[in-house]
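Single-structure report; data block below.
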Amino acid sequence: MRTVAMCLSILPRCRIHSFASSCLENSQRHHPGNRISLRFLSSKTLSSLEGGEQKSKKWTRKSIMTNTEGLKGDGASKSKISNNIKYNLSVETTDGLNVEKSETRELDIIQNCDVQQKMIESEELARLVTVISFDLETSGLNRSCDCVIEMAMQDLAGGKNSTFQTLVNPDCVIKNSEFHGITTDMVNQPHVPRMKDLIPILLAYVKSRQKPGGIVLLVAHNGRNFDVPFLINEFNRNNFDIPHDWHFLDTLPLAREVMKSKVAELKSAKISLSLQSMREYYNIAPIGSAHRAMSDVNTLSQVFQRMTFDLKLPTSGLIERSFRQSDLVKTAKKTSQARPKKC
DNA sequence: GGCCCTCTTTAGGGCCTT
């Protein structure tokens, strides 16, 4: 059996478990012959693995330590070296001055090691995660009654066939055409697919962009409350399941975070966090008509990359902020019990 | 609907998505 202890120390445990489960399931699917287990090592466990108890009890750390075994490439070896340095420096001294100096030096090196470790983590995670921005145009705002009428996706990695765009025939009259310009006549055409026909194509597109054994991170503005519930509803209506390795990220909280830190002088003022406002804030030129799916996806892709740069968010930070279908289902159950929905 | 903010928390208004 091959043991893989992954570098995920900065992720909350629930996210670690969720992400690790995805990776494990994917790895087993792609490499059925291999037996792989994931273990998260505490400092105590790692200490015992390294050959006994720590001699110094003066300094203790409760952070989750990581170790990397059996992974190919430079990243794995660097990770292990970093951990060794950390432990070798935990030496007890009796001279107060020396303690202070040693501690400072140790902290400096530990901080450097942590930065290195985070970079390695980010690189390894980036190899596993496919980031796809997406946007839906719908026949209204009610996720229970309204339907998706247009969909667009864009793999941020770019390359050939990195975008996906289509109108969707909802088999109903579109009453909000003034908002997006999509009319009933436009979607009521033989060549426009219905959602039940589109979902397999959508799944195939995402699969084609997915890295072997990796996960997909689908990004949308206000996705938690709009696009993702709409998408889930469409899948449910047509008896499809959202793939277990799909994670979702809402850029609205990121926009709030950016504006909080960048526009301190306007904290008390009303700041718009809409996608178009964020586009203007970053001086990104509009491409196509706003409120059409592909145009909004183009905008979102650029805004998203600018925001992650501003917030210094590595891939691990994105995973930390992501959510899955099951997270929304739990919330929806609570809500529906409290207030029955009406169309 | 969920989240955030404030003249709040025993609440209410506004934003964001179409």
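In what follows, chains are A, B, ... by sequence order, proteins preceding strands, each numbered from 1. Remember, it's a predicted structure, so these values are computed and weren't measured experimentally.
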Flag the pair A:R194 and A:E234 as a salt bridge only when some basic side-chain nitrogen lies within less than 4.0 angstrom of an acidic carboxylate oxygen. no
Quick note, ring-ring contact (aromatic ring centres under 6.0 Å, His included) partners involving residues 168-218 of chain A, not counting sequence neighbours, are A:F164-A:Y205, A:F179-A:H291
Nearest-Å distance, CG (A:L254) to C1' (B:dC4)? 15 Å
Roughly how far apart, to the nearest Å, are B:dT6 and B:dT18 at atom P? 26 Å
Side-chain N or O of A:K260 less than 4.0 angstrom from OP1 or OP2 on B:dC4? no
In this structure, how many angstroms lie between the P atom of B:dG2 and the CZ atom of A:R321, rounded? 21 Å
Using a cut-off of strictly less than 4.0 Å between a heavy atom of the residue and any atom of DNA chain B, enumerate the qualifying residues of residues 167-177 of chain A by number. A:N176
What is the separation between atom CD on A:E137 and atom P on B:dT17, rounded to the nearest whole Å? 11 Å
Heavy atoms under 4.0 Å, any strand shown: does A:D296 hit a base, just sugar-phosphate, or nothing? sugar-phosphate
Using a heavy-atom cut-off of 4.0 Å across all strands, would you classify A:D135 as base, sugar-phosphate, or nothing? sugar-phosphate
Flag yes if A:M307 and A:L249 sit in one hydrophobic cluster, no otherwise; membership is Ile, Leu, Val, Met, Phe, Trp, Tyr, and two members link when side-chain heavy atoms are under 4.5 Å apart. yes
Closest of B:dG2, B:dT18, B:dT17 to the A:N222 side chain is B:dT17
Identify which nucleotide among B:dT18, B:dG2, B:dT17 has an atom closest to any side-chain atom of A:S274, counting heavy atoms from C-beta outward. B:dT17
Between A:H291 (NE2) and B:dT17 (C1'), how many Å, whole number? 10 Å
When the C1' atoms of B:dT9 and B:dC5 are compared, how many Å lie between them, rounded to an integer? 12 Å
To the nearest angstrom, the CG-C1' distance between A:D327 and B:dG2 comes to 14 Å
State which residues pass salt bridge (Lys or Arg N to Asp or Glu O under 4.0 Å) with A:D241; sequence neighbours excluded, sorted by chain then number. none
Within 45 degrees of the ring normal and closer than 6.0 Å to the centroid, is that where the cationic atom of A:R224 sits relative to A:F323? yes
Return whichever of A:Q276 or A:N225 has its heavy-atom-nearest nucleotide of DNA chain B closer to the 5' end. A:N225
P spacing across the pair B:dT8 / B:dG14, given as an integer number of angstrom: 16 Å
How many whole angstroms separate atom CZ of A:F230 from atom C1' of B:dG1? 12 Å
Would you list the pairs meeting ring-ring contact (aromatic ring centres under 6.0 Å, His included) in which at least one residue belongs to residues 294-316 of chain A, sequence neighbours left out? none
B:dC7 versus B:dG1 - spacing of their P atoms, nearest Å: 27 Å
Sequence-distant partners of A:R209, salt bridge (Lys or Arg N to Asp or Glu O under 4.0 Å), two or more places apart: A:D155
Tell me every residue that passes salt bridge (Lys or Arg N to Asp or Glu O under 4.0 Å) with A:R292, counting only those two or more places apart in sequence or in another chain. A:E150
Rounded off to whole Å, could you give me the CE-to-P distance for the A:M259 and B:dG14 pair? 20 Å
When the distance from CD of A:E150 to P of B:dT18 is rounded to whole Å, what number comes out? 11 Å
Can you tell me which nucleotide in B:dT17, B:dT18, B:dG2 comes closest to the side chain of A:L275? B:dT17
